[in-house]
Colleague: 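Can you keep this structure in mind? I'll have questions shortly.
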Amino acid sequence: MKRRGPLITLVLALGALVVILSLNDALIPNQPGAAEAPTGAPAEPTKVPSDDASDGAEFPDEAVYAGKDTTGKLAVAVAIKGDRAVAYLCDGRSLEAWLTGTVDGGRVTLESNRGATVEARFNGKRVTGVAAEGDDQYAFDLDKADPPAGLYREQTDDTTLGWIVLPDGRQVGIKNTGGTLAPAPRLDPETDAAKRVTGETKTQ
Amino acid sequence: MTTAQPDDPNASAQSAFFIAVIVGVMVAVGLGTYGAVHEPGKVAINVAGFSSFLAVKTWLGTLALVLAIIQLVTALKIYGKLSGGGPMMNVLHRWSGRAAVAVSLPVAAHCLYIAGFKATDGRVLLHSIAGCFFYGAFTVKMLALSDDHSPKWALPVAGGAAFAALTVLWTTSSLWFFTTFGVTF
């Protein structure tokens, strides 16, 4: 004797999976700009100002982006790996923040455990967004930072060092000893390649 | 009883279950192949109120695990391994199972579509394998359930396999998310 309930459950479940997957496929090629509004799901909250101008670009699997904010005061680096991201804000003297977050397509959202935030978007080439630290906001537009440029970190018992090496070779770094901040000593990106931070590095 | 039966009902039972396992393997391998071959898509769905769809998946996955634990408990009661069985247990088992699979679907679709079958590191590989295996085990269980001639051990084994796979899935994703990013939405 055959029981039909489980068969119906099975067909519905696998059918639903196929429908969701093919619905995605059907929607994408025709609407490259609709990256945030697919498949009838509730819309994503709009946070990054450039959301509307999204061109649908998606972050590569692994990359680091670095640059200065528009005032030139703060260096910003964002490291991506898979769907995880790490960012570092650093002015080289008295302000720094390590943030972790997630990548969702071409969008990255990060947060530090002290409340600093970074929200940015990838346009296929550059990463633009806003960092908020305390009461200040910093807009940035970051270039890809391939080695020896990139983000570096070293952690010992009570000391954490962070460096952003900009694509032009300039360095911005801070040495944090138990909460006391000071400029970091110069880093040799070649010999200290092991200190490179990826989107998966644990920083908090 | 309407279908033609071979002389030995045991052989029929075994071959029917054998076919169920084959179909389950085909489902698992099919999903894995799709995940490996399909070029990752760009659509990023999110649900209002969550920081990212990764967070949505984390909570849907956690819900699926809770439902799976209900599955385990009701199954033990149905089989008399725990006291307090009854006809309600069958209903609860059936519907918690359907709900668990239902909430797993958007998660699986997102995984398969955006990420695919990956071997980036041990966690990701284990998660990819467990994900495909879960739907294979689920398929075997549904097919075995629909046929009264299935061996007695078929349901506990297939159900146990699905539960184990879901536990591995949750540990390699939601637990990882919680330990990495904290218990956030």
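Each chain gets a letter, A, B and so on, in the order its sequence line appears, and its residues count up from 1. The basis for the numbers below is simple: all heavy atoms, side chains too, and nothing from hydrogens, waters or symmetry mates.
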Colleague: Could you check B:Val66, B:Val73, B:Ile70, B:Val91 and say which one makes a side-chain contact (heavy atoms from CB on, under 4.5 Å) with B:Ser96?
Modeller: B:Ile70
Colleague: Please flag which part of A:Leu14 lies under 4.5 Å from any non-hydrogen atom of chain B: side chain, backbone, both or neither.
Modeller: side chain
Colleague: Can A:Tyr88 and A:Glu96 be counted as having a side-chain donor-acceptor contact under 3.5 angstrom?
Modeller: yes
Colleague: With a 4.5 Å cut-off on heavy-atom pairs, point out which of A:Ala13, A:Ala16, A:Gly5, A:Pro6 contacts chain B the most.
Modeller: A:Pro6
Colleague: Of B:Val27, B:Leu143, B:Val101, B:Val23, which meets side-chain contact (heavy atoms from CB on, under 4.5 Å) against A:Leu10?
Modeller: B:Leu143
Colleague: Within a radius of less than 6.0 Å around CZ of A:Arg114, do more than 12 heavy atoms belonging to other residues, nucleotides or ligands occur?
Modeller: no
Colleague: Which atoms of B:Ala109 come close to chain A, meaning under 4.5 Å heavy atom to heavy atom: side chain ones, backbone ones, both, or neither?
Modeller: both
